[in-house]
Amino acid sequence: DAGVIQSPRHEVTEMGQEVTLRCKPISGHDYLFWYRQTMMRGLELLIYFNNNVPIDDSGMPEDRFSAKMPNASFSTLKIQPSEPRDSAVYFCASQRQGLTDTQYFGPGTRLTVL
Amino acid sequence: AQSVTQLGSHVSVSEGALVLLRCNYSSSVPPYLFWYVQYPNQGLQLLLKYTTGATLVKGINGFEAEFKKSETSFHLTKPSAHMSDAAEYFCAVRTNYGGSQGNLIFGKGTKLSVKP
């Protein structure tokens, strides 16, 4: 299995631009999570989906952030407009339905907003 | 509500010394507990997990952790540190409570340094 795939791995953009991060979960996994990691705030859960349905988006910082999961094999996290404080590493993770199942992380997207 | 506390944001040990990374959890129901490791510029990787059964859990790379319900702890240990163990370690808890199925609650992480 290829694991969780994220693209791009690095993104540098200017303030005000739209940014789209992409994630392909492991096939057969029912849950998909988006996290943000910064030095100041550590690892934060932004939103998660179960069977393509958003379950909890309370971690989404502002309306500038939106996430979609149009099908079981693809999800996007969009920031519009981007700001320098959005600079972080964004991780996608997926897992099966069971409570004891492992959450598998992708390699992350390092976003820099100038 | 569930929470995880990792004591010590930075731990430094000498190569060959014992590694002890502390994790305490708060949960009103039996928890499932996880330790993840993050190497520089990589995603998080599962080290080990406790679900049910034996309270001493062995993981990859020689790490193990013991679930102690009376102490609400799940400390991570390794008898002899190796330079390659230098990384950040995250403790996490999951419970079937409050509609949060599937959601992991992470601690703030402990960065382990290994001195030659």
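Sequence lines set the chain letters: A, B, ... in the order given, protein chains first and strands last, and positions in each chain run from 1. The figures that follow rest on heavy atoms only: side chains count, while hydrogens, waters and symmetry mates do not.
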SB check Lys115(B) Glu15(B) (cutoff 4.0 Å)
no
Rounded to the nearest 0.5 Å, what's the gap from CD1 on Ile47(A) to NZ on Lys68(A)? Could you check?
11.5 Å
Check each atom of Arg96(A) against the heavy atoms of chain B and say whether the ones under 4.5 Å are side chain, backbone, both or neither.
neither
Proximal component of Glu44(A), with respect to chain B [non-hydrogen, under 4.5 Å]:
neither
Report which part of [X] has an atom under 4.5 Å of a heavy atom belonging to chain A: side chain, backbone, both, or neither.
X	answer
Leu44(B)	both
Tyr50(B)	neither
Gln45(B)	neither

Going by distance alone, is a donor N or O of one side chain under 3.5 Å from an acceptor N or O of the other, for Gln6(B) and Thr110(B)?
yes
Ring centroid separation Phe105(A) to Tyr36(B) under 6.0 Å:
yes
Measure centre to centre between the rings of Tyr35(A) and Phe106(B), then say whether the value is under 6.0 Å.
yes
